[in-house]
Amino acid sequence: MAGKTLYDKLWDAHMVRDNGDGTALLYIDRHLVHEVTSPQAFEGLRLAGRKPWRVGANLATPDHNVPTTDRAEGIVDPVSRLQVETLDANCEAFGITEFKMNDLRQGIVHVIGPEEGATLPGMTVVCGDSHTSTHGAFGALAFGIGTSEVEHVLATQCLVQNKSRAMLVSVNGQVPAGVTAKDIVLAIIGHIGTAGGTGYAIEFGGDAIRALSMEGRMTLCNMAIEAGARAGMVAVDEKTIEYVNGRPYAPKAKIWEQAVANWQTLHSDADAKFDKVIHLDASSLKPQVTWGTSPEMVISVDGRVPDPATEHDEVKREGMKAALNYMDLQPNTPMVEIKPDVVFIGSCTNSRIEDLREAARVAKGRKVADSIKQALVVPGSGLVKQQAEQEGLDKIFIDAGFEWREPGCSMCLAMNADRLQAGERCASTSNRNFEGRQGQGGRTHLVSPAMAAAAAVTGHFIDVRKLG
Amino acid sequence: MEKFETLTGIVMPLDRPNVDTDAIIPKQFLKSIKRSGFGPNLFDAWRYLDQGEPGMDNSVRPLNPDFLLNQPRYQAAQVLLARENFGCGSSREHAPWALLDYGFRVIIAPSFADIFYNNCFKNGILPIVVDAGQVDQLFKQVETEEGYQLTIDLAAQTITKPDSEVIQFAIDEFRKHRLLNGLDDIGLTLQHVDDIQAYEKKRQQEAPWLFRNV
C-alpha cells in the first residue's frame, strides 16, 4: 500500500464519520472569525436557538473594515462601524474571545492566528475568508468557507466535506537573491493558471520551499487559493516548530514535547502518491509583476506586456484584450516602463515582519518618487507594528516618504477608507488584481514587498536587484 | 433553504472567463449584516455607470446599456450562462446571495471555483458544469434567439434546449439529494452528536493541545 500524503494524514486524523455518500464529517480545531462573513451566521444561530459547540475553539478580530489611520475617532463610515460593532456584540453574547479594534493583538486574522500560536501544526483551521489557506504553512489543513459553513462550524465544530485530490508542487534549486516567496507563488500561478488547482489540495515541497522562512511559506500558502486550490500546505520541519515555540496559545512543558513528537510525523510519506505533480525550477526565477486582471496574468519584471494577437484560444484572447483595456496597457510595453501612482505594502499575503524588513531594506536612505501620490505601509497586526517600530523600520519608511499605518486589510480590498481612485495604478503586495479590487476603476499590479518598495522609490517597476 | 427540482427560465449570457466574486458583488456591499437585498448590486461595477455605494437608490442610477443584464430581452433571466472558473476569488457568500436575490437559480459554466460552487448549494442555487464545447454552442444559440429558455431537471440531471436537445450533467449524489429536498445541513450534522462527542473524547486523549481554549 502506498504511503500517505500530508493531506491524507490531516484528513484521516479529523474524520468524525464517513457519511458513505462521498462526504465525511470533518472536525474543525480552530475557527477564526472576522466581521464581514460572520454576522449572518450568528443571526442564524440565534434564529435556531443554537449555541457555539466549543466556544474556546473560536478566535475573532475585526480586520476588513477597520481604519488604518488614527483610531481615536473610531470608525467614521457608519456602515463599516455597524459591522464591527455587530462582531463585538456577537462575540460578547456568545462568549467568543475577540481582539477588538484597539487591542494591541488586533490584526488580519491570517496574521494573528500564527502569531498567537492559535494556529498549530496538524490542526484543521477554517475562517470565512478564502485566504485561510495561509495557515497550511504550518502543516495544517486550512481552508476558506462561506457564511453558511461559518454557522455550521459554530453550531457543530464540524463541516461536511468531500475530499480533494492531492497535488504536489515541487520547487527545487537555489532561489536567486532578490526572488521571494511571492515571486515563487506568482510564477506557480502563471504556470498552472488560476483554475489549475481547482479541486486539489496543494502541498508545496522541494528544497526551495524548505529554504523558505515561515513567513515565506505563509505567503506561498496564502495564494494557493489564487491557483484555485482551497488548501495549500507545507510539511512540518524544525522551522515550523521553532516558530510556534513560546507563542501565547502554543502548548507548554510536557504537552509541548508530546505535541512536537506528533508534529514531526506531519509530512508526506516517501512513497505517497499524488494525483498530480508539478515541478518548478527556482534557480531560473526572476521577480514577478502581474500585468492583467487575474493573478495568472503575470510575467517577469524584465518581460513585456503580452500581445493578445499571439494567443490562439479565442476565450483567452478576448480575456487578455479586456484586461489590457481595463489596465490601460499596450501590448509589448516593457514592464519596467509602467509607472504606478500608488504603492501598497500590506495584506494577509505580505504584512509580516519579514515582509516589512525586506521593503525597508530597499526604502532605506531613498525617497519615494515625486510621481507616487501615496505609498502606504500597513502592518499585519498590532504586534507586527510594535516589533517593526522596535527595529526602527517605521522611521525608515517615514523618512523615505511612506505612510506608516495601523493594522488591517486596508487597500487589499478597500473595504475601509484606503482605496484607489478610478484610473489609479497600484504596485501592491496583496493577492488579487481583479477589476475594482482596490477601488472601483483602480488598476492593480501584484508584486513582492521588495519590488513594491523599489517601484515606490524609482516611480516605475524595476528589478529590485538593480538597486543594489 | 428553498429546494430545487425543475426550472424553465430565460438564459442570460456572461461571456468572459474568470468572473470573480468581486465582480459579482463588489466589496462595499459586503458591509451589510443581512443575508438579503444584494440583488440590485449584482455585477454593480458592470451594470451601472456610476460608482455604487450602500444605501443608494439603485432605481435612479444610470444603467450601462452595453451590459447585457440591462437589455430588455434578458429581463427576468433565471439561468446564467458563464465561462470557465466562474466565481473565483473570495469566499464571500454574498456572491450567491446576490445572484439568488436577483433571481438566478441556475448557473451553467465549463468550470467553477471551489468555494463558490460549494456556497451555491447552501443557498438553493444549482451550478452546472457543462463541457466547454457545449457551452460555446449555448452562447451562440442564446445570442441568436431572443427569449431563449432552458429547462433544467435536477432529478433527471438534464438541461433541455428549446429544440428538445438534451444535455446530461453530472452532480454529486449528496449535493443533489440536499438540494432536491432543501435540507438544512446543520440539522443533518446534529443527528450525529454522539459521533462528534466520541471523536472529541478520543482526540483529547491523543492530542490535548488541540483543545486549549483561546
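Below, chains carry the letters A, B, ... as their sequence lines are ordered, and counting in each starts from 1. What's counted below: heavy atoms across the whole structure, side chains too, no hydrogens, waters or symmetry copies.
Of the two parts of A:Q438, only the backbone, made up of N, CA, C and O, holds a non-hydrogen atom closer than 4.5 Å to a non-hydrogen atom of chain B. If you measure heavy-atom distances from A:I255 to chain B, the contacts under 4.5 Å come from both the backbone and the side chain. For a residue to count as touching a neighbouring chain, one of its non-hydrogen atoms must lie under 4.5 Å from one of that chain's; by this rule A:V160 touches chain B with the side chain only. Looking at B:R16, the atoms closer than 4.5 Å to chain A (heavy atoms on both sides) all sit in the side chain, from C-beta outward. In this structure, chain A has heavy atoms under 4.5 Å from both the backbone and the side chain of B:A45. Heavy-atom distances place the side chain of A:S294, and not its backbone, under 4.5 Å from chain B. There is no contact between B:H177 and chain A, counting heavy-atom distances below 4.5 Å. B:F211 touches chain A through backbone and side chain together, each having a heavy atom under 4.5 Å away. Residue contact with chain A, scored on non-hydrogen atoms closer than 4.5 Å, involves the backbone of B:E206 exclusively. Both the backbone and the side chain of A:A13 have a heavy atom closer than 4.5 Å to some heavy atom of chain B. If you measure heavy-atom distances from B:D194 to chain A, you find no contacts under 4.5 Å at all. Proximity to chain A involves both the backbone and the side chain of B:D195, based on heavy atoms less than 4.5 angstrom apart. Looking at A:P295, there are no atoms closer than 4.5 Å to chain B (heavy atoms on both sides), in backbone or side chain. Heavy atoms of B:N18 lying under 4.5 Å from chain A belong exclusively to its side chain. Contact annotation for A:K316: neither backbone nor side-chain heavy atoms come within less than 4.5 Å of a heavy atom of chain B. Residue contact with chain B, scored on non-hydrogen atoms closer than 4.5 Å, involves the backbone of A:N58 exclusively. Heavy-atom distances place no part of B:S111 under 4.5 Å from chain A, backbone and side chain included.
Looking only at side-chain heavy atoms (C-beta outward), B:L210 and A:M123 come within less than 4.5 Å of each other. In this structure, B:C88 and A:T194 have side chains that are not in contact, with every pair of non-hydrogen atoms separated by 4.5 Å or more. A:H152 has its side chain out of reach of B:K122: every pair of non-hydrogen atoms, C-beta onward, lies at least 4.5 Å apart. Contact annotation: the side chain of A:N19 never approaches that of B:F174 to less than 4.5 Å [non-hydrogen atoms, C-beta and beyond]. Side-chain contact check for A:E116 versus B:V214: every heavy-atom pair is 4.5 Å or farther apart. Residues B:E84 and A:V315 form a side-chain contact, since some pair of their non-hydrogen atoms from C-beta on lies under 4.5 Å apart. For the pair A:K252/B:R212, a side-chain contact is recorded, criterion being any heavy-atom separation below 4.5 Å from C-beta on.
Options B:K202, B:Q28, B:E200 differ in how many heavy-atom pairs under 4.5 Å they form with chain A, and the most are formed by B:E200. Counting heavy-atom pairs closer than 4.5 Å to chain B, the top residue among A:T293, A:T198, A:L25 is A:L25. Looking only at heavy-atom pairs under 4.5 Å with chain A, the residue among B:L190, B:N119, B:T21, B:T189 that has the most is B:T189. In terms of non-hydrogen atom pairs under 4.5 Å with chain B, the most contact-rich of A:T132, A:V36, A:I225, A:T37 is A:V36. Ranked by heavy-atom pairs shorter than 4.5 Å toward chain B, the options A:Q157, A:H64, A:Q440 are led by A:Q440. No other option in B:D44, B:V193, B:D136, B:L188 has as many heavy-atom pairs under 4.5 Å with chain A as B:V193. When the candidates A:A118, A:G22, A:G441, A:A414 are compared by the number of heavy-atom contacts under 4.5 Å with chain B, A:A414 comes out ahead. Of all the listed residues (A:R432, A:H131, A:E296), the one sharing the greatest number of non-hydrogen pairs under 4.5 Å with chain B is A:R432.
A salt bridge is defined here as a Lys NZ or Arg NE, NH1 or NH2 lying under 4.0 Å from an Asp or Glu carboxylate O, and A:R437 with B:D20 fails to meet this definition. Salt-bridge check for B:R83 with A:E318: failed, with every basic side-chain N at 4.0 Å or more from each acidic carboxylate O. In this structure, A:R50 pairs ionically with B:D184, as a charged nitrogen and a carboxylate oxygen lie closer than 4.0 Å.
Distance check, rounded to the nearest 0.5 Å: CG of B:L30 to OG of A:S80 gives 10.5 Å. Rounding to the nearest 0.5 Å gives a distance of 10.0 Å between CG of B:D185 and CD of A:E151. In this structure, CH2 on A:W53 lies 4.5 Å from CD1 on B:I196, to the nearest 0.5 angstrom. Going from atom NZ of B:K27 over to atom CZ of A:R419 covers 8.0 Å, rounded to the nearest 0.5 Å. Summarising the geometry, atom CG belonging to B:N213 is positioned 8.0 Å from atom OG1 belonging to A:T97; distances are rounded to the nearest 0.5 Å. Between atom OG1 of residue A:T23 and atom CZ of residue B:R178 there is a gap of 5.5 Å, rounded to the nearest 0.5 Å.
The two residues B:I115 and A:S130 make their nearest non-hydrogen contact at CD1-CB, 4.1 Å. When all heavy atoms are compared, the tightest approach of B:P208 to A:Q258 is CD-NE2, 3.8 Å. Closest non-hydrogen pair, A:I145 versus B:S91, comes out as O-OG, 3.3 Å. Closest non-hydrogen pair, B:I186 versus A:T156, comes out as CG2-CG2, 4.1 Å. Considering all non-hydrogen atoms of both residues, A:L413 and B:R92 come closest at CD1-NH2, 4.3 Å. Between B:K31 and A:V79, the shortest heavy-atom contact is CB-CG1, 3.5 Å.
When the shell of 6.0 Å around CD of B:Q168 is examined, it contains more than 12 heavy atoms from other residues, nucleotides or ligands.
A donor-acceptor distance shorter than 3.5 angstrom exists from the side chain of B:E93 to the backbone of A:S148, with no hydrogens or angles considered. No donor-acceptor distance shorter than 3.5 angstrom exists from the side chain of A:R230 to the backbone of B:D114, with no hydrogens or angles considered.
Using cut-offs of 30° and 60° for the angle between ring planes, the A:H14 and B:Y199 rings count as tilted.
Side chains of B:W97 and A:Q40: a donor-acceptor N/O pair is absent below 3.5 angstrom, by distance only.
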